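I have placed the structure first, in the form of structure tokens, so that the comments after it can refer back to it.
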Amino acid sequence: MRLWRWRIHPRSQAFNFYMQRMISIAVVLLILFLVDLYVFQAVKTAAEYLAPSAQKAIYLMYWTIFAITAGTFALMSATRGTPPNAFQTYLVSTLFIIFASKLVVVLFLMLDDLVRVGKFALNGVFAEAPFDPSRNRFLNQMGLLVATIPLTAFIYGMVKGAYDYRVKRITLHFPNLPQAFDGYKLLQISDLHTGSFNSKAPLQEAVRLINKQEADLVFFTGDLVNNMAVELDEHLDTLKGIKAKTGIYSVLGNHDYGDYVRWPSPEAKRQNLENLIAGHGKMGWQLLLNEHRLIEKDGERIAVLGVENWGNRAGFPKYGRLDKAYPGTEQAPFKVLLSHDPSHWDGVVNKEFQHIDLTLSGHTHGMQFGVNIPGLKWSPAQYVYAQWAGLYRTGRQYLYVNTGLGFLGYPGRVGFLPEITVFELKKADN
């Protein structure tokens, strides 16, 4: 008996993939259109008392923005895997901000619709009063007004927040800290994403602030580039100017491996990583690839460990090998770990390596958006990561999540501003 084996031709696979992508793009475009059509009801209601020429101008501008949004989304989807240039980044971010603001209007329109449905139901019970199907002009205007709040905040974040560098100072007490390191100063920066900078000036200012702190050790906790090593070239001399009394140590972040780019060959991807690793050396940074260094002062030692990226969420690589970096540090009474992704802390560090005193991470950026005022700290990042910004403690172990110095995607920051963190280590009483 002959067995038939069905084989899918490679061309059929490519066709199916192409059709799936086209369907996905069409669905998103339909959603964008329906949201804009819904919000347009508020625009028409708010403009109903304006002159006809003014109404036409507003309507034309409204649908022109939709057309630009739809065209930009389709183009970016078709060229996915190609790093965007500065113009594309700012265009996409502006269009996203406008769309996000429209979602605020949607909430008010839904409230208006609920009120209208309620009135219609009451009209069916009490037929004395005529039913008025018109929209509530106040709710529509209020929705448009409230939508200007996130619109203004996000635009301000691009104009000002992206480069509004802040120096944060934290004092940490440890009973096991060697006496020679009492008052020792550590400085952490993270998530530079050099490919997002359009000029040298912002990072030059950041380096000036870093050097002003006169730190004993400087740590960089990953994501030096967005995707490609060449992004570093323009800023290499600037970052080479960072100074530390004892040394500068760094680790890789998830973006440093080039995993989000279509490379012409595996060799090209490997060469990109090798070039980036060489860039750390050219800047005088000691890149720790699942290894450690012992720092000595006045005959006493502490250990600095650094691992490759290790993420506890789906889609993020687990290159980090703390089991390789840790051996040889057992006799050091105090240990600092550099690990890009803070989920490594709950995933491995405080389960299997309780003798690591301080872990320094980045990665989250604080989502580059949120509320960060005394008594209130909120960001969408908290729904993704248990530890996402600031200082955390479990038992005797500390984790600090730096919200980053650069930016990615949205070229701005709201609430969680670019950060330089300075830690002063103090010897605590037992």
Side-chain angles (χ1 to χ4, degrees), residues 165 167 184-197 200 202-258 271-296 302-310 319-321 324-325 329 335-341 358-363 400 402 404-406 408 418-423:
Y165 301 120
V167 177
Y184 209 65
K185 193 182 294 185
L186 314 177
L187 186 146
Q188 181 197 10
I189 54 174
S190 191
D191 298 85
L192 284 175
H193 290 284
T194 50
S196 297
F197 289 87
K200 297 180 180 180
L203 283 180
Q204 289 172 344
E205 171 61 15
V207 170
R208 186 189 70 80
L209 287 173
I210 291 169
N211 290 340
K212 187 178 179 180
Q213 310 312 311
E214 299 182 338
D216 293 289
L217 288 174
V218 170
F219 298 135
F220 173 72
T221 48
D223 278 0
L224 183 57
V225 297
N226 294 343
N227 294 290
M228 299 179 175
V230 293
E231 299 168 18
L232 176 62
D233 293 350
E234 183 180 357
H235 306 285
L236 194 147
D237 287 340
T238 297
L239 297 175
K240 186 178 180 180
I242 294 177
K243 305 298 181 184
K245 295 178 182 178
T246 304
I248 303 172
Y249 296 91
S250 58
V251 293
L252 298 174
N254 55 298
H255 281 269
D256 294 326
Y257 295 93
Q271 185 61 55
N272 177 74
L273 181 57
E274 290 177 9
N275 293 343
L276 186 66
I277 290 173
H280 283 251
K282 291 177 182 177
M283 294 186 295
W285 298 7
Q286 298 187 52
L287 181 63
L288 301 179
L289 300 170
N290 300 322
E291 52 192 323
H292 71 267
R293 297 289 186 273
L294 296 175
I295 310 299
E296 185 171 339
I302 64 173
V304 175
L305 302 86
V307 296
E308 295 190 56
N309 190 72
W310 193 101
Y319 300 130
R321 292 288 305 276
K324 289 180 61 177
T329 67
K335 303 173 183 65
V336 180
L337 169 66
L338 313 182
S339 181
H340 177 69
D341 192 319
L358 174 62
T359 300
L360 302 179
S361 298
H363 183 60
Y400 189 84
N402 183 295
L405 197 63
L408 181 68
E419 174 181 350
I420 298 166
T421 316
V422 179
F423 303 91

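Worth saying up front: this structure is predicted, and the values here are computed from it rather than measured.
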Say whether, by atom type as modelled, one donor and one acceptor occur between the side chain of [X] and the main chain of [Y] under 3.5 angstrom.
X      : Y      : result
Gln188 : Ser361 : yes
Asn211 : Lys243 : yes
Asp341 : His363 : no
Asp191 : Gly406 : no
His255 : Asn226 : yes
Tyr249 : Arg293 : no
Asp216 : Lys185 : yes

Taking salt bridge (Lys or Arg N to Asp or Glu O under 4.0 Å) as the test, write out the residues that go with Glu205, two or more places apart. Arg208
Rounded to the nearest 0.5 Å, how far apart are OH of Tyr165 and CD1 of Ile210? 9.0 Å
Can you tell me how far apart NE2 (His193) and CD (Glu231) are? Round to the nearest 0.5 Å.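 These two atoms lie 9.5 Å from each other.
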Sole candidate of Ile248, Thr421, Ile242 that passes side-chain contact (heavy atoms from CB on, under 4.5 Å) when paired with Ile189: Ile242
Going by atom types alone, do Ser250 and His280 pair a side-chain donor with an acceptor below 3.5 Å? yes
